[in-house]
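Quick notes on the structure that follows.
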Amino acid sequence: MSGAPSRHHHAGVQPLVLALPKGRILKGAAPLLARAGIVPDADCLEESSRRLRFGTNDPMLDVVRVRSFDVATFVAQGGAQLGICGADVLMEFDYPELYAPLDLGIGGCRVSVARPVADDPEEDWLRYSELRIATKYPSITRRHFAARGINADIVHLHGAMELAPMLGLSRLIVDLVDTGSTLRANGLREVETIAHITSRLVVNRTALKTRPEAVTGFIARFRAALAG
């Protein structure tokens with residue numbers, strides 16, 4: 001049985017751990033995992049499952065399911081050796097411990113600046129020296145506005161960014177946008193795209209050095225899955 005404890009002692013070598021993000025990217029990654037020959041325990045892809053660590057059809061690979069924002073941290077800190085991670089998270093944290101060999105082409109969206117529809121469309125917000133901006137991407141936001149000579153006064157939120165201008169917390173928001181329907185439903189419109197985002201395969205650099213055959217083997221399987 002794939003969840004049996006004995007699978008963790010394959011000739012004394014611990015299985016590699018692949019960190020997967022919960023939510024829509026996980027759904028997008030499922031066909032890719034299948035093409036790479038990676039079959040996690042059945043409940044891994046079920047939102048209702050309370051488990052966080054799962055076996056796979058390969059005794060030398062386990063899967064963990066974490067918040068999309070945490071995948072990069074788990075892999076960078078060595079808790080997982082591989083992961084699937086949005087480029088937005090890589091841009092935000094910029095961990096030197098991570099190597100991102102493959103663009104998986106899934107989870108496509110964008111990091112954008114948005115403002116209230118009710119704002120004067122003629123008003124040039126680029127003329128301000130400081131702007132208050134609500135976002136869960138403080139690093140990306142500061143870098144983007146600093147390049148325009150604007151100091152970004154960050155209101156750091158983890159969700160419901162769209163409420164910030166409505167409730168007077170900020171002038172603008174920087175958020176991940178897919179269809180834009182949430183922005184429109186809350187009286188906001190996109191005014192600038194900072195970056196187009198897809199998900200990447202990320203690898204811990206130390207694991208690549210200490211277990212090169214195992215890690216590069218999985219990179220090759222994902223590369224073949226993309227080619228196929």
- Query: Between Gly108 and Asp178, what is the shortest heavy-atom contact and its length?
  - Reply: O-OD1, 3.9 Å
- Check: Ser49 main-chain N/O paired with Arg65 side-chain donor or acceptor under 3.5 Å: yes
- Query: Should the ring pair His156 and His158 be called parallel, tilted or perpendicular, given that the plane angle runs from 0 to 90° and is split at 30 and 60?
  - Reply: tilted
- Flag yes if Met91 and Tyr99 sit in one hydrophobic cluster, no otherwise; membership is Ile, Leu, Val, Met, Phe, Trp, Tyr, and two members link when side-chain heavy atoms are under 4.5 Å apart. no
- Message: Are Val155 and Leu188 connected into the same hydrophobic cluster when the rule is that any two of I, L, V, M, F, W, Y join if their side-chain heavy atoms are below 4.5 Å apart?
- Response: yes
- Query: Backbone N or O of Ala225 within a donor-acceptor pair of the Arg35 side chain at under 3.5 Å?
  - Reply: yes
- Non-neighbouring partners of Arg50 that pass side chain to side chain contact (heavy atoms under 4.5 Å, CB included), sequence neighbours left out: none
- Which value, rounded to the nearest 0.5 Å, describes the distance between Glu162 atom CD and Asp175 atom CG? 5.5 Å
- Message: Suppose we screen for side-chain hydrogen bond (donor to acceptor under 3.5 Å, both in side chains). Which residues come up paired with Asn204, at least two apart in sequence or across chains?
- Response: none
- Message: Any non-hydrogen side-chain atom of Asp153 less than 4.5 Å from a side-chain atom of Leu131?
- Response: no
- Item | ILVMFWY network linking Leu102 to Tyr95, side-chain heavy atoms under 4.5 angstrom | no
- Item | Main-chain N/O of Gly37 paired with Arg221 side-chain donor or acceptor, under 3.5 Å | yes
- All salt bridge (charged side-chain N to carboxylate O under 4.0 Å, His left out) counterparts of Arg200, not counting sequence neighbours: Asp103
- Message: Can you tell me how far apart CD1 (Ile25) and CG (Leu32) are? Round to the nearest 0.5 Å.
- Response: 12.5 Å
- Message: Quick test of your reading of the model: are Arg115 and Glu123 salt-bridged, counting only N-O distances below 4.0 Å?
- Response: yes
- Rounded distance (nearest 0.5 Å) linking atom CD of Glu46 with atom CG of Leu26: 11.0 Å
- Task: State whether the side chain of Thr198 and the backbone N or O of Gly107 hold a donor-acceptor pair below 3.5 Å, judged by distance alone.
- Result: no
- Message: Can you tell me which residue among Trp125, Tyr137, Tyr128 is in a ring-ring contact (aromatic ring centres under 6.0 Å, His included) with Phe145?
- Response: Trp125
- Task: Calculate, to the nearest 0.5 Å, the distance between atoms CG and SG belonging to Leu20 and Cys85 respectively.
- Result: 11.0 Å
- Are Val215 and Leu104 linked, directly or through other ILVMFWY residues, by side chains that come within less than 4.5 angstrom of each other? yes
- Message: Pair Thr216, Leu208 - check side chain to side chain contact (heavy atoms under 4.5 Å, CB included), show working.
- Response: CA-CA 7 Å; Thr216 56; Leu208 191 57; 3.8 Å; yes
- Task: Taking side chain to side chain contact (heavy atoms under 4.5 Å, CB included) as the test, write out the residues that go with Arg110, two or more places apart.
- Result: Ser112, Val177, Glu190, Thr193, His196
- Message: Walk me through whether Ile84 and Val71 qualify under side chain to side chain contact (heavy atoms under 4.5 Å, CB included).
- Response: CA-CA 7 Å; Ile84 292 178; Val71 169; 5.8 Å; no
- Message: Could you go through Ile150 and Leu126, starting from their C-alpha distance and side-chain angles, then the distance that decides it, and tell me whether this counts as side chain to side chain contact (heavy atoms under 4.5 Å, CB included)?
- Response: CA-CA 7 Å; Ile150 298 169; Leu126 290 173; 4.0 Å; yes
- Item | Closest approach of Gly79 to Val17 (non-hydrogen atoms, all atoms of both residues) | O-CB, 4.1 Å
- Item | Any residue meeting salt bridge (charged side-chain N to carboxylate O under 4.0 Å, His left out) with Arg223, in chain and number order, not counting sequence neighbours | none
- Query: What's the shortest heavy-atom distance between Arg53 and Pro15, and which atoms?
  - Reply: NH2-CG, 4.3 Å
- Item | Heavy-atom neighbours of Phe222 CZ exceed 12 at 6.0 Å | yes
- Query: Which heavy atom of Leu157 sits nearest a heavy atom of Ala160, and at what distance?
  - Reply: CD1-O, 4.5 Å
- Message: Quick check: do Val113 and Val174 have side-chain heavy atoms less than 4.5 Å from each other?
- Response: yes
- Message: Please give me the minimum heavy-atom distance between Val202 and Ala100, naming the atom from each residue.
- Response: CG1-CB, 4.0 Å
- Message: A side-chain contact here means heavy atoms from C-beta on lying under 4.5 Å apart; do Leu201 and Ile219 qualify?
- Response: yes
- Query: Using a side-chain heavy atom cutoff under 4.5 Å and only I, L, V, M, F, W and Y, what cluster partners does Leu163 have?
  - Reply: Met166, Leu167
- Task: State yes or no: do Val89 and Ile194 share one hydrophobic cluster built from I, L, V, M, F, W and Y residues joined by side-chain heavy-atom distances below 4.5 Å, directly or via other members?
- Result: yes
- Are Val111 and Ile197 side-chain neighbours, meaning at least one heavy-atom pair lies under 4.5 Å? yes
- Task: Report yes if the side chains of His144 and Ser139 come closer than 4.5 Å at any heavy-atom pair, otherwise no.
- Result: no
- Backbone N or O of Gly55 within a donor-acceptor pair of the Asp41 side chain at under 3.5 Å? yes
- Report yes or no: does Glu92 contribute a side-chain atom to a donor-acceptor pair with the main-chain N or O of Ile140 at less than 3.5 Å? yes
- Query: Can you find a pair of side-chain heavy atoms, one from Thr135 and one from Ile173, that are under 4.5 Å apart?
  - Reply: no
- From Lys27 NZ over to Ile106 CD1, what is the distance, rounded to the nearest 0.5 angstrom? 12.5 Å
- Item | Non-hydrogen atoms of Phe54 and Cys44 that approach each other most closely | CE2-CA, 3.5 Å
- Message: Within the structure provided, determine whether Ile154 and Thr141 are in side-chain contact (heavy-atom separation under 4.5 Å).
- Response: yes
- Message: Measuring only between side-chain heavy atoms, which start at C-beta, is Leu18 closer than 4.5 Å to Val64?
- Response: no
- Give a yes or no on whether the backbone of Val66 and the side-chain of Asp70 come within a donor-acceptor separation of less than 3.5 Å. no
- Message: Can you tell whether the side chains of Arg51 and Asp43 come within less than 4.0 Å, N to carboxylate O?
- Response: yes
- CD-CZ distance between Glu213 and Phe218, expressed to the nearest 0.5 angstrom: 12.5 Å
- Task: Go through the steps for Asn186 and Thr182 under the test side chain to side chain contact (heavy atoms under 4.5 Å, CB included), then give the verdict.
- Result: CA-CA 6 Å; Asn186 290 284; Thr182 307; 3.8 Å; yes
- Message: Within the 3.5 Å criterion, strictly below it, is a donor on Glu130 or Asn151 matched to an acceptor on the partner's side chain?
- Response: yes
